[in-house]
Q: 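Just dropping this structure here.
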Amino acid sequence: MHDLKLLRENIAALRDGMRRRGKLETLGPVIDRAEALDRERRALLAQIEEKQAARNAASQDVARRKKGGEDASDVIARTRALGDEIAALQHTYDGQFAELERLQYELPNIPLGDVPEGGEEANRVLRSWGEPRSHDGVRPHWEVGEQLGILDLPRGAKIAGSGFIVFRRGGARLVRALLAFFLDLAAREHGYEEMWVPTLVNRRSMTGTGQLPKFEEDAYVTSDDFFLIPTAEVPLTNLYRDEVLDAGDLPMALTAYSQCFRREAGAHGKDTRGLIRVHQFDKVELVRYVTPEDSNAQLELLTSHAEAALRKLELPYRVKILAAGDTGFSSAKTYDLEVFAPGVGAWLEVSSCSTFTDFQARRANIRYRPGPGEKPRFVHTLNGSGLAFPRTIVALLEHHQRADGTVAVPEALRPYLGADTLG
RNA sequence: GGAGUGGUGGCCGAGAGGCUGAAGGCGGCGGUUUGCUAAACCGUUAUAGGGUUGAAAAGCCCUAUCGAGGGUUCGAAUCCCUCCCACUCCGCCA
């Protein structure tokens with residue numbers, strides 16, 4: 001959500017942000033409508049407040065007269081009339097304000113200046129680590145997974161549906177190992193506070209981080225209006241919703257494991273086979289609350305933490321900066337970490353590290369007080385995966401695959417798995 | 001699930017239709033005093049929105065806000081309704 005002042009003081013910046021996302025055509029009219037609504041609304045508000053002031057004064061007059069034993073019926077009549085006028089104006093105002101709010105919720109964040117213009121094709125690889133393995137002789141993860149008896153997709157489909165995983169034996173244990181490994185890395189080596197949070201959240205939380213109202217069809221909802229989280233970003237970022245933090249609390253770093261639920265409506269077929277795109281998966285999430293001055297440096301730091309996980313797992317990866325048009329709705333700048341999976345011959349996104357500037361903080365009303373007696377300001381929020389499990393498992397099964405179909409376990413993971421080989 | 005009690009500023013806590021944006025305390029900030037610290041004393045200290053003056057910092061005026069939303073009333077923190085949350089007791093339960 002943007003500051004309404006942006007509409008009045010720097011509408012050009014807002015417009016330019018939408019242009020860089022390639023959305024000016026659809027969102028330009030939204031901006032214009034919002035700007036006009038905001039103007040109308042303020043004019044009306046001035047009228048309403050004037051009448052309210054008059055009514056308040058008259059009410060005082062009633063109190064004074066009654067106290068003095070005088071008759072107040074004429075003032076009461078006038079006040080009642082004012083009240084009716086206010087109610088009528090207020091009704092119009094509420095309508096305008098509701099529409100303005102709807103429009104505000106439709107506008108995505110403004111990309112930072114160093115984000116490339118354009119769509120997906122303009123994403124740029126910034127750096128890479130490790131040597132992608134040749135496709136030759138490497139079998140896709142669903143084949144080795146089934147063969148090793150650690151993955152049972154047909155039965156996942158039977159008990160839940162397509163896109164639901166059943167892990168067995170070493171596979172199930174691998175999930176547990178990754179969970180402990182990722183959390184230890186974040187908490188012990190990178191200084192994150194380890195958290196455990198609900199998997200079901202309310203509507204307000206989903207709105208706070210930007211999943212709602214625009215992307216409601218992507219989420220699973222319960223019959224009593226709880227949402228299954230698509231990422232632990234939602235509970236972790238909403239943790240301090242409607243609060244004012246102390247400057248000394250920042251930067252604050254939180255990590256949590258959670259299961260994540262995504263409907264992925266319409267995403268079937270290509271690039272979704274095996275574990276690549278599923279409805280329920282595991283992820284360790286990293287969230288940081290930072291000051292505006294610090295947020296660019298903090299994004300680099302956060303990204304380095306996610307990268308560290310891939311290095312320890314000895315998986316080749318590359319870091320991409322997403323172009324404006326490919327950057328998520330709430331994000332101002334995103335680095336995607338892609339791991340190479342030689343079996344399927346593709347780079348797979350395993351972490352998306354973003355700064356949301358004050359976009360989420362404004363929606364969720366998360367502020368901090370820079371110093372004693374100073375006015376609260378919005379924090380900046382950042383998050384990234386560290387990491388998403390299924391695609392990491394894809395890469396592990398394919399990159400570390402041996403000729404006999406067994407899989408070597410990277411050094412760092414062995415203590416957690418209690419084995420040096422899968423299969 | 002049933003019955004009850006409660007939700008007030010950064011925190012604690014009074015207020016029970018009008019002069020209450022809200023007593024008092026704690027905390028914060030500024031000051032006096034002081035060898036330093038502490039104590040004491042004095043002052044000050046909510047948030048959001050709108051208008052206005054100003055280059056700005058800021059000032060002034062108005063409006064709203066006492067869990068949320070609705071209602072009654074000339075007027076609601078205070079009365080009524082719905083919802084949310086916390087606590088107590090009962091029931092159920094891994």
Q: Report yes or no: does Thr381(A) contribute a side-chain atom to a donor-acceptor pair with the main-chain N or O of Tyr289(A) at less than 3.5 Å?
A: no
Q: Do Leu100(A) and Leu4(A) make a side-chain contact, defined as non-hydrogen atoms from C-beta onward lying under 4.5 Å apart?
A: yes
Q: Can you check the distance between G28(B) and G10(B), where both ends of the measurement are the P atom (answer in whole Å)?
A: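 Approximately 16 Å lies between the P atom of G28(B) and that of G10(B).
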Q: Pick the closest RNA chain B nucleotide for Lys5(A) and for Asp94(A) by heavy atoms, then say which residue is nearer the 5' end.
A: Lys5(A)
Q: Whole angstroms only, please: what is the CZ-P distance between Phe97(A) and G69(B)?
A: 12 Å
Q: Below 4.0 angstrom, N of the basic side chain to O of the carboxylate: do Glu106(A) and Lys23(A) qualify?
A: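 Salt bridge flag = no for Lys23(A) with Glu106(A).
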Q: Quote, to the nearest angstrom, the C1' distance that separates G2(B) from C74(B).
A: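 Each nucleotide's C1' atom is 42 Å from the other's.
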Q: Between A64(B), C74(B), C19(B), which nucleotide gets closest to the side-chain atoms of Gln52(A)?
A: A64(B)
Q: Among U47(B), U63(B), G50(B), find the nucleotide with the atom closest to the side chain of Ala53(A).
A: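 Looking only at heavy atoms from C-beta outward on Ala53(A), the closest nucleotide is U63(B).
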Q: Send over the distance from Asn202(A) CG to G67(B) P, rounded to a whole Å.
A: 19 Å
Q: Please state the P separation for the pair C90(B) and A14(B) - nearest whole angstrom.
A: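 Each nucleotide's P atom is 27 Å from the other's.
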Q: Rounding to the closest angstrom, what is the interatomic distance between G24(B) and G43(B) at atom P?
A: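 These two P atoms come out 11 Å apart once rounded.
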Q: Quick one: are Lys333(A) and Asn296(A) in side-chain contact, heavy atoms under 4.5 Å?
A: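 Result no, sub-4.5 Å side-chain heavy-atom pair not found.
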Q: Go through A64(B), G49(B), G18(B) for me and flag the one nearest to the Ala63(A) side chain.
A: G18(B)
Q: If you measure from the Lys or Arg side-chain nitrogens to the Asp or Glu carboxylate oxygens, is any gap between Arg204(A) and Asp242(A) under 4.0 Å?
A: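 Salt bridge between Arg204(A) and Asp242(A), a charged N being under 4.0 Å from a carboxylate O: yes.
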Q: Looking at U47(B), I'd like to know if its phosphate oxygens (OP1 or OP2) sit under 4.0 Å from a side-chain N or O belonging to Arg377(A).
A: no
Q: Flag the pair Lys312(A) and Glu189(A) as a salt bridge only when some basic side-chain nitrogen lies within less than 4.0 angstrom of an acidic carboxylate oxygen.
A: yes
Q: Please state how far atom CG in Leu45(A) lies from atom C1' in U65(B), giving the value in whole angstrom units.
A: 14 Å
Q: For nucleotides 75-86 of chain B, which of its nitrogen or oxygen atoms have a protein nitrogen or oxygen under 3.5 Å away, and what is each distance?
A:
from: G75(B); atom 1: O4'; to: Ser59(A); atom 2: OG; distance (Å): 3.2

Q: According to a strict under-4.0 Å criterion, is Asn56(A) in side-chain N/O contact with OP1 or OP2 of G18(B)?
A: no
Q: Which part of the nucleic acid does Val75(A) contact within heavy-atom distance under 4.0 Å: base, sugar-phosphate only, or nothing?
A: nothing
Q: Starting at the 5' end of RNA chain B, which residue's closest nucleotide do you reach first, Asp3(A) or Gln60(A)?
A: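 Result of the comparison: Gln60(A).
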Q: Any idea which of G50(B), C19(B), U63(B) is nearest the Arg42(A) side chain?
A: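 Among the listed nucleotides, the one closest to the side chain of Arg42(A) is G50(B).
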Q: For the P atoms, the ones on U72(B) and on U78(B), what distance do you get once it is rounded to whole angstrom?
A: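 Result for the P pair: 15 Å, nearest Å.
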Q: So what's G35(B) paired with, Watson-Crick or G-U wobble, going by both distances under 3.5 Å?
A: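 Answer to the pairing question: none, since G35(B) forms no Watson-Crick or G-U pair.
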Q: Taking atom C1' in both C66(B) and A56(B), compute the distance separating them and give it to the nearest angstrom.
A: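 Result for the C1' pair: 36 Å, nearest Å.
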Q: Base, sugar-phosphate, or nothing: which does Arg65(A) touch, judged by heavy atoms less than 4.0 Å apart?
A: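 Touches nothing.
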Q: Quote, to the nearest angstrom, the P distance that separates U63(B) from A86(B).
A: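 Roughly 37 Å separates the two P atoms.
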Q: From C74(B), C19(B), U63(B), pick the nucleotide closest to the side chain of Ile76(A)?
A: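 My answer, after comparing the listed nucleotides, is C74(B).
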Q: Hey, does Arg367(A) reach any base, or is it just sugar-phosphate, or nothing, if we go heavy atoms under 4.0 Å?
A: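 Answer is sugar-phosphate: Arg367(A) comes under 4.0 Å of backbone atoms only.
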Q: Just wondering, do Ile393(A) and Val175(A) contact through their side chains at under 4.5 Å, heavy atoms?
A: yes
Q: With rounding to whole Å, what would you report as the distance between A38(B) and G31(B) at their P atoms?
A: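 After rounding to an integer number of Å, I get 14 Å for this pair.
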Q: Searching all strands shown, indicate the nucleotide that pairs with C89(B) (Watson-Crick or G-U wobble; both distances under 3.5 Å).
A: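 G2(B) is the nucleotide pairing with C89(B).
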Q: Considering only side-chain heavy atoms of Arg369(A), which listed nucleotide, U63(B), G18(B), U47(B), is closest?
A: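 Closest nucleotide among those given: U47(B).
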Q: Does some side-chain heavy atom of His380(A) sit less than 4.5 Å from a side-chain heavy atom of Glu293(A)?
A: no
Q: Between the base of G51(B) and the side chain of Glu49(A), is there a donor-acceptor distance below 3.5 Å?
A: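 Donor-acceptor pair under 3.5 Å: no.
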Q: Expressed as a whole number of angstroms, how long is the span from Glu101(A):CD to A48(B):C1'?
A: 14 Å
Q: U82(B) pairs with which nucleotide, Watson-Crick or G-U wobble, both distances below 3.5 Å?
A: A68(B)
Q: Kindly give the heavy-atom pair with the smallest separation between Leu112(A) and Arg20(A), and that separation in Å.
A: O-NH1, 3.1 Å
